Amino acid sequence: MHLENLSKSKKLGLSILFDAIGMITFIDIVWAPASAYLMSKMYKGNKGKIAGFVSFIEEIIPGFDIIPTFTIMWLLTYVFQKKEQPITVEVEAE
């Protein structure tokens, strides 16, 4: 699966869908490892691994299903992350 290459709007849609699936209480034993895998595939590097672990823990503990882990991760990645904008310098050729 190449979930990390999806556009941010598609990732948001999948995040909302995955959070909705996670709120189904009786599938937690199956969904917990699946959500960890999907989270680690959606976000690269250590950030994805940590988010996958958090997602697993959140899904496996009863009563924590209401936390939208995928959507929170999307917000942290695309809304609240401070990313420096590159400065473009134009040079006129004579």
Side-chain angles (χ1 to χ4, degrees):
M1 271 189 204
H2 297 287
L3 294 175
E4 70 270 359
N5 297 330
L6 293 175
S7 68
K8 66 180 183 178
S9 60
K10 287 183 181 179
K11 279 188 182 181
L12 177 59
L14 280 177
S15 294
I16 293 168
L17 174 67
F18 292 157
D19 285 332
I21 293 170
M23 289 183 189
I24 302 170
T25 305
F26 60 88
I27 65 166
D28 282 346
I29 197 74
V30 175
W31 181 245
S35 71
Y37 174 78
L38 291 169
M39 184 73 82
S40 67
K41 290 298 178 183
M42 284 179 75
Y43 301 98
K44 298 181 214 172
N46 286 335
K47 186 166 64 169
K49 291 176 185 176
I50 292 168
F53 177 76
V54 170
S55 179
F56 177 82
I57 296 300
E58 179 260 329
E59 290 296 337
I60 204 72
I61 298 174
F64 283 81
D65 293 342
I66 61 170
I67 300 172
T69 312
F70 281 92
T71 306
I72 291 170
M73 184 61 182
W74 185 89
L75 288 169
L76 290 173
T77 302
Y78 294 109
V79 177
F80 299 118
Q81 181 180 23
K82 292 182 180 181
K83 196 172 192 181
E84 292 185 24
Q85 297 293 328
I87 299 173
T88 305
V89 178
E90 294 183 24
V91 179
E92 293 182 24
E94 295 183 40

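Hydrogens, waters and symmetry mates play no part in the numbers below; they use all other heavy atoms, side chains included. Remember, it's a predicted structure, so these values are computed and weren't measured experimentally.
The OG1 atom of T71 sits 11.0 Å away from atom CG of L76, with the distance rounded to the nearest 0.5 Å. To the nearest 0.5 Å, atoms CG (D65) and CH2 (W31) are separated by 11.5 Å. Atom-to-atom distance recorded for W74:CH2 and T77:OG1 is 9.0 Å, nearest 0.5 angstrom. L12 contributes atom CG, which lies 11.0 Å from atom CG of L17 (distance to the nearest 0.5 angstrom). We find the CG-CG distance between L14 and D19 to be 11.0 Å, quoted to the nearest 0.5 Å.
Summarising the geometry of K11 relative to M42, their closest heavy-atom pair is NZ-O, 2.8 Å, with the distance given to 0.1 Å.
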*F70 and L38: side chain to side chain contact (heavy atoms under 4.5 Å, CB included), yes or no, with the steps?*
CA-CA 9 Å; F70 281 92; L38 291 169; 4.3 Å; yes
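If you chain together hydrophobic residues whose side chains sit under 4.5 Å apart, L75 and M23 never meet in one group.
Under a cut-off of 6.0 angstrom, the local environment of CD1 in I29 is sparse, with at most 12 non-hydrogen atoms contributed by other residues, nucleotides or ligands.
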May I have the list of side-chain donor-acceptor pairs in residues 45-64 shorter than 3.5 Å, sequence neighbours left out?
from : atom 1 : to  : atom 2 : distance (Å)
S55  : OG     : S35 : OG     : 2.9
E58  : OE1    : T69 : OG1    : 2.7

